[in-house]
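Throughout, protein chains are lettered first and strands after them, A, B, ... in sequence-line order, and every chain is numbered starting at 1. We use all heavy atoms of the structure for the numbers below, so side chains are in, but hydrogens, waters and symmetry mates are not.
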Amino acid sequence: MNLEERIIRTIQGALEKRPEITLESHLREDLKVDSLDLLMILSGLEDEFSITIEEDDFLDVITVNDIAVKMRARGI
Amino acid sequence: MELREFYKRFSLDESLAVGTGHNPYYLRIDSGLDEKIQVNGHEMIDLASNNYLGLATDSRVKQAAIEAVQKYGVSLCGTPIATGYLDLYQRLEEKLASFVGLEEAIILPSCYQANNGLFSSIAGPQDLIIVDRYAHSSLIQGIKAAGSKIRPFLHNNLEHLEGILQRSRGYRQVFVVTESVFSTEGSLAPFKEIVQLCETYRALPIIDDSHGIGVLGKSGRGILEEQRIEGYQGIYTASLGKALANSGGMISGKKGLIDYLKYYCPHLVYSTALTPSVLAGTEAVLSIIQSEFGVIKQRLVTYQQAIYESLIEGGFTLAASEAPINSIQSGSKESTFILAKKLYEQGILCTAFIEPSVPVGDGRVRLIAGANLRQETVAEVAEIIKRIGRS
């Protein structure tokens, strides 16, 4: 499973509604992610990749792909 | 700073209310919570307030409040640490702690303040706070103010919670925070199991029992009684403005912690103490609960069931409620406002929840039939609901 697939699986696990998620999905508009959902997603990513994430570093993400870009920038 | 730009930021988007022709918020109430209430000059049935036991206008409670005003006046004009610590205040602290079965309690001006003040007094950046995804705004805001690491868990999902607890190492303290009754849904937390998980993973449980106190348990003592949780070692908060029919909030737990909060919880130390009438009114409600809870609760359950059946017959989709709450899953915020409007036009006052109070697109219309209503009034409500459902 590649990085993007692992991110999408993590987001699916964090959102109870399990919507269809692609790299282009907008977190707020398409997936209806609110601030607590975002915290759930970040917690899930911490567990999935065994890293620590500062919430502030991810406040500007708009799409799922933005998360992937940030993760790659951390060398994952 | 450009003043005009600053104030422009605060313009309110009224398109939802304009588009649906209804704004369910800040409706002007011109009466007390009687059998029928006056709303914007119309007579309506109150299914919106949290007056579960119907004691907000009980003559004995009113009398207790009046006598307190006659004896003490309307305010002590001071915080509890200064001139606000009346004999009534101390007595109510003791009675509340004893009522919920814990060592000691403090009383704040609201449960919002209790929840806001608690976390910044007991937690900091080295700590982890694990919180139910659906927890009330007061808990979330309080938790955020503490600056701790926050990890939400899926609503009432013990497996998810345990997974987080298993991975939570290296923190100074770990807290698990939830509510007894999630008021938009009526769902109940599996709190006994949460307490057990906390024991296993050496975390401290914190419960907000605002919709449970005076409602849950065989004698109305709340979630700890309901789920037979003995020797609770965690922290307990609750509102005094719902079933207890007054105002204010409480924090209860171990004596050492409560003594500490009396000096180090700024929301308590720097807030004017609750007024004599409220203190006496709450005490009177506790006394009524202790003598009449069985009869009152029976009415509450009967009314909830009657309304539930009418909603099902009317074709509404309901959240699975385990409390005296009926919660209609109303979908988008537009649909939620439209349903609230239909009920309003038929003389029923409900509570409409849209985001951010609930997840986006997952609106709720909540109906709580207080025990003060007459059976005929509840039958009238049931007929209206069925009619709206069929239309």
Query raised in the report: If you take all heavy atoms of B/K149 and A/I53, which pair is closest and at what distance?
Result: NZ-O, 3.3 Å
**Report entry** Whether over 12 other heavy atoms sit under 6.0 Å from A/E5 CD
**Finding:** yes
Query raised in the report: Got more than 12 heavy atoms from elsewhere within 6.0 Å of OH, B/Y308?
Result: no
Report summary line: Rounded to the nearest 0.5 Å, the OG atom of A/S50 sits from the CZ atom of B/R167 at a distance of 9.5 Å
Query - Distance, nearest 0.5 Å, that separates CD1 of B/I150 from CD of A/E55 - result: 6.5 Å
Report task. Could you tell me the separation between the CD1 atom of B/I164 and the CD atom of A/E46, rounded to the nearest 0.5 Å? Result -> 10.5 Å
**Report entry** A/L23 CG: over 12 foreign heavy atoms closer than 6.0 Å
**Finding:** yes
Query raised in the report: Which bit of B/H155 comes within less than 4.5 Å of chain A, counting heavy atoms only: side chain, backbone, both or neither?
Result: both
Query - Sub-4.5 Å side-chain heavy-atom contact between B/K144 and A/S35 - result: yes
Query raised in the report: Heavy-atom distance under 4.5 Å between the side chains of A/R28 and B/V360, does that happen here?
Result: no
**Report entry** Residue A/R74 excluded, over 12 heavy atoms near CZ under 6.0 Å
**Finding:** yes
Query raised in the report: Does OH in B/Y7 sit with more than 12 non-hydrogen atoms of other residues, nucleotides or ligands closer than 6.0 Å?
Result: no
Query raised in the report: Are A/L39 and B/R133 side-chain neighbours, meaning at least one heavy-atom pair lies under 4.5 Å?
Result: no
